[in-house]
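For reference, the structure discussed in these notes is given below.
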Amino acid sequence: MMILELNQEQLEKMKSHPGFIAALDQSGGSTPGALADYGIEQDTYSGDDEMFALVHQMRTRIMTSPGFSGDRILAAILFEDTMDREVEGEPTVNYLWKQKQIVPILKVDKGLAEEKDGVQLMKPIPQLDDLLMKAKKKGIFGTKMRSFIKHANGTGIEAIVNQQFELAQQMIAAGLVPIIEPEVDIHCPEKAMAETLLKAAILKHLEQLSKEQWVMLKLTLPEQDNLYSDCIEHSSVLRVVALSGGYSQMEANERLGRNHGVIASFSRALTEGLTAQQTDGEFNTMLDESIQRIYQASLT
Ligand SMILES: O=P(O)(O)OC[C@H]1O[C@](O)(COP(=O)(O)O)[C@@H](O)[C@@H]1O
């Protein structure tokens, strides 16, 4: 019988320790862009196998970097392929928690559906229960799933939040803490209105959770500073974290610094400026400086 209870040390760390989350979970669809940003153009490799091997090398370079450690990084969100691979000869999950005291989290969504009512719901996630059981057995603490809001459409936003919280129940039942990520497009023409509608829908669903049912929220940095303070204070919310959404690291950190109680969960803003062509010294120095800036912005 698998143990469904949560690792209390990891729960405590996620709930209250200073630090932020490193999002290393670009899906297959986002990986060519992530590799191109890293200086590896699409015409230099062929096929998914080569692409996933290259992105694992990039992620391994990040995870093994001296500045990438549990004193400033609380958790890392992993793509399933990364969870199934090894880092320095041991399973990635073990490396992160045992060597670095970084809590491992798994991205479980399978990408976005076509736009409808101004939003993109998540595609169906086949064999989700099997994936959750596999993750739990490997020592994963939580999950992450991402939807996308393009317009301030009440019907669409309601549908996004319904789907997220419905699936979150499956994660909770599997002994995992879900990160609910209804991303609002930073280019959304009515971004502030979309965020107001989103917050109302989230608060409604938070009320349905029972005691000890934890969720985390991963949100776009809002137009109105501290918009999500009610969510931060809610007894079922373990942490509220922010994606960078395409904002530069500087702008993302400035916005983050104005939202008290929110910590980063950046992908692009964390890896900004890192390239395959850098020497290890240049790479490790740039990453350490980015980690320090994002850590500081997450402290407010
Ligand atoms: O590839 P996906 O699943 O669309 O997600 C892309 C990225 O979006 C995020 O949710 C946020 O990333 P950014 O900080 O770059 O916006 C990451 O967790 C993930 O790597």
Side-chain angles (χ1 to χ4, degrees), residues 20-38 48 51-52 55-56 58-59 62-63 73-83 92 102-115 119-125 128 131 140-150 160 163-164 167 177-188 191 195 198 216-222 239-256 259 262-274 287 290-291 293-295 297-298:
F20 67 93
I21 298 177
L24 305 177
D25 65 308
Q26 299 88 339
S27 58
S30 310
T31 295
L35 284 173
D37 290 345
Y38 182 56
D48 280 359
M51 179 183 79
F52 285 125
V55 78
H56 189 64
M58 178 187 88
R59 290 165 177 161
I62 292 168
M63 289 187 276
I73 295 175
L74 299 173
I77 305 175
L78 305 175
F79 184 54
E80 186 180 355
D81 180 67
T82 310
M83 176 181 74
T92 305
I102 291 174
V103 178
I105 293 172
L106 177 68
K107 182 246 281 301
V108 294
D109 68 76
K110 298 299 179 202
L112 299 170
E114 289 300 308
E115 182 178 338
V119 304
Q120 290 182 272
L121 291 170
M122 289 180 276
K123 285 180 186 164
I125 309 175
L128 177 57
L131 177 60
I140 290 282
F141 171 79
T143 60
K144 198 262 301 190
M145 48 185 172
R146 171 174 173 262
S147 327
F148 199 56
I149 296 166
K150 302 176 86 164
I160 284 267
Q163 184 188 41
Q164 283 275 358
L167 288 168
V177 176
I179 297 180
I180 286 171
E181 184 184 19
E183 177 175 351
V184 175
D185 187 346
I186 63 169
H187 304 299
C188 172
K191 185 168 179 286
E195 289 161 346
L198 173 61
M216 288 190 272
L217 302 174
K218 179 161 174 169
L219 305 167
T220 300
L221 289 154
R239 209 82 184 244
V240 175
V241 308
L243 56 100
S244 51
Y247 291 127
S248 67
Q249 184 187 108
M250 183 181 289
E251 177 164 6
N253 280 341
E254 275 167 11
R255 282 173 175 261
L256 180 60
N259 283 271
V262 181
I263 65 173
S265 177
F266 295 164
S267 175
R268 282 164 286 183
L270 171 64
T271 56
E272 187 179 281
L274 297 180
L287 179 57
S290 291
I291 288 170
R293 285 192 292 268
I294 296 170
Y295 176 77
S298 296

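Residue numbers run from 1 in the order of the sequence given. Counting starts at 1 for both ligands and their atoms, in listed order. Every value quoted in this text rests on a predicted model; they were computed, and no experiment measured them.
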**Counterpart residues, side chain to side chain donor-acceptor pair (under 3.5 Å), relative to T31 (two or more places apart)** = none
**Item:** Charged N-O contact under 4.0 Å between E115 and K150
**Value:** yes
**Message:** Suppose we screen for ring-ring contact (aromatic ring centres under 6.0 Å, His included). Which residues come up paired with F52, at least two apart in sequence or across chains?
**Reply:** F79
**Asked** Thinking salt bridges, do K144 and D25 make one under a 4.0 Å N-O criterion?
**Response** yes
**Fill in**
The protein residues that pass the under-4.0 Å heavy-atom test against ligand 1 are A23, D25, Q26, S27, S30, K107, K144, R146, E181, K218, L243, S244, G245, F266, S267, R268
**Partners meeting side chain to side chain contact (heavy atoms under 4.5 Å, CB included) with A264 (sequence neighbours left out)** = F20, L256, F266, I294, S298
**Item:** R268 with E272: basic N within carboxylate O range, under 4.0 Å
**Value:** no
